[in-house]
Amino acid sequence: EEGLAALLVGTNRIKTGARKSVDAAQTSLEGYYTGGLLADLQALGKTHVQLLAKGAMDEDIARAMWSIDNPAAAEFKGPKEAMDIAQVIHKWQEKARDDANRAGAWIGKEPGYIVRQSHDSARIRKAGFQKWAQEISSRLDWDRTAGGNLSTPKARNDFLLEVWKNLTMGRIPEPGGSDLSSNFSQARIGSRAAKVSRERVLHFKSGEDWFAYNRQFGSRNLREAVISGLSQSAHSTALMRILGPSPSSNFEQLQLMVERAMHEAGDIKGITRLQRYKNQLKNQLKEVDGTLNYDASPSMASIGRNVRSLTSMAKLGGAFLSALGGDIPVFSSEMAYQGRGFFQSLVEGIADVTHGRGSVEQQKILSQIGVFFDGMCGDIAARFSGDETPGAMTRLQNIFFKLNGLTWWTDSWRRVTGLMMAHDLALEKGLDWNGLKKERQRVLSLYDIGTDEWEVYRQGNLRAADGREYMTPEVVNDVGDDVIAAYLSKKGIKDASPLRIEETRLDLEERLRTYFRDRINFAVLEPDAKTRSIMRQGTSAGTIPGEALRFALQFKSFPIAYAQKVLGRQIYGMEGSSRGESFDNFARLIIMCTLFGYGSMVAKDLVKGKTPRNPADPRTWVSAFTQGGGIGIFGDFLFGEYNRFGGSLASTLAGPAAGTLSDFANLYARVRDGDSVAQATLRFVMNNVPGNNLWYIRGPFDYLIGYELFEMMNPGYFNRMKRRVERENEQTFWASPVQW
């Protein structure tokens, strides 16, 4: 059962290929496409990146993309910057299309293709079928849509009605009554390959028509549509690479093969254990095969995501200060696991993190190893919520997390980790496999990289940036065909045809890229498919169980990921190490997490106008461990001010949104009973207005305005709060409120 799970989401156990999972491959390929796109745009100049990011030239870019490789389109006469951006987008879309076809799909090259079409189900539902159909029908090229088989008004109306139902009811798009699979059948190439191959269902007359529809019923933002399309393509391609064109049925067959082997061996306990584990495997498969990408009820799912997004922006203003406590020791622990010194990595990392995202040359290196920056295209909130929010709310969240510093912090540590790993491999290029540290051998083997693979990588050329050399997955492209042929021969493979050699290059390249991207996510913790499968239990957004779990576990993905990755690695991933070494690594992690957790507490107290907590008090170090030892953000709620103002443990465990609802219910009860509500109302508003809790705003606001307002409503409020803080935490205040 562990091996089957490793195939889907990876395992920490020391087995060859134990981390070479579908999830790791998906993350790696997504990073490669997105990072490559952004690096190429960055190489054109900051202006191009800003134009795409701000959407100022979206229509011109769409028209430029329409004209590329399209004999029917007129020559593009718009701004040169628009064509430059369009060429870069086209390059990476073609790369994604080619990779998907190599993995088993059959996606034709469509003239006038812009991006994978996005649809906003809420706006489509609000418009109603008649208005939506009227708007889109006049913009579609009916000679190409649905294979050109819809010639009558009724056939077209029936087709659009089925598409509308799929988009608004959350079902997987399978437009009925039309042959959308072109010249092949689903049975021939597999369900996933067939779905990917027929995704270009709606074809527009022109770039202007596509842009108009996208503006009215799509993402409204070309950048988001491009990145979303590349991301979905990466996930499908990686899934097919590992589990074949029919992933779900193939995985079911693997389970049956394991059961048969156990049955023949008479392993009754193994069969029983596997039966119990099947539900977990099913949930993990749902996370990687895209099943949970479709909302059961788009309306309910949209409301839930928006509420959680607003909650994030109301509660995570101090997330940057919380991240100080856990991220640095976790990074150092991961680098020590790879064979570096714990404290050496800590010092070098802190010294290098101030360089932010690095130079253009460094960003090019990072793009080759599959790293991209959340600040440019991702949802940083997913680090702590495990819940992605598409559309306008994502843009608001990205702005918020830039303002609170978490975007810069996360991007900087990803850069530090990626470059440090690539530089370490470059320094070891002159060593054969036996010359590598045992820790390096151990971690590389997790991605099915051994003696023969390392010999191939060693023969490639290193990349240089800012005076340092780096080994990236691109080294595979530098070695000759004879090197790849010799590698195949060592593996007992006689086929050394050009096609096989090219496929082997891609495989070796992807192994090294997966190693980089997966270990970076250990160093800079981020929820993966295994974490999400634990949190969501296979439930879809828009269902009552699914929404309940997503609300209850908001902000808890970080401690779950910490237990699964960091603690799991220390417990299960130290095979071959002495007991003393394992204990030393674990002890260093706990001690440094506690120390940095205390530093995080001090920073939070200082911005709140408080003196640091007494280090001689044992309770201080218990709280410090919760800050730096994996609880982090959740610890702010479990042990923070929220509970001191009346929130119950039950409401806290139910999630921050439930706590807010509880506070609102208390306000209603006060109004109903005729009690004074002014102070409670003020506190409720201050604690739930998005942005008001930014760590550099809330403290000054409280001392300049907030505390004085509380004093007006309840004289002596600040002095009573001071006495309580002195009694509970032995702290004083270094600042006093401004008196009007």
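These values consider heavy atoms only, across backbone and side chains, with no hydrogens, waters or symmetry-generated copies. In this chain, residues are counted from 1 in sequence order. This one's a predicted model, so the numbers in the text were calculated from it and none came from an experiment.
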- Message: For a 4.5 angstrom cut-off between non-hydrogen side-chain atoms, does Val22 reach Val9?
- Response: no
- Query: Is the closest side-chain heavy-atom distance between Ile534 and Asn283 below 4.5 Å?
  - Reply: no
- Item | Cationic N near anionic O, under 4.0 Å, Glu510 to Arg241 | yes
- Query: Is any side-chain N of the basic residue among Asp507 and Arg500 closer than 4.0 Å to the acidic one's carboxylate O?
  - Reply: no
Checking side-chain polar atoms at under 3.5 Å, does [X] have a donor or acceptor matched by the opposite partner on [Y]?
X      : Y      : value
Glu30  : His235 : yes
Ser236 : Gln232 : no
Arg97  : Ser233 : no
Asp528 : Gln564 : yes
Asp23  : Ser21  : no
Arg519 : Tyr337 : no
Trp92  : Asp40  : yes
Glu455 : Gln459 : no
Glu287 : Ser533 : no

- Approximate separation, where rounding is to 0.5 Å, of Leu41 CG and Ile89 CD1: 6.5 Å
- Asp69 CG to His90 NE2 distance, which is reported to the nearest 0.5 Å: 4.0 Å
- Where does the angle between the aromatic ring planes of Phe331 and Trp413 fall among parallel (under 30°), tilted (30 to 60°) and perpendicular (over 60°)? tilted
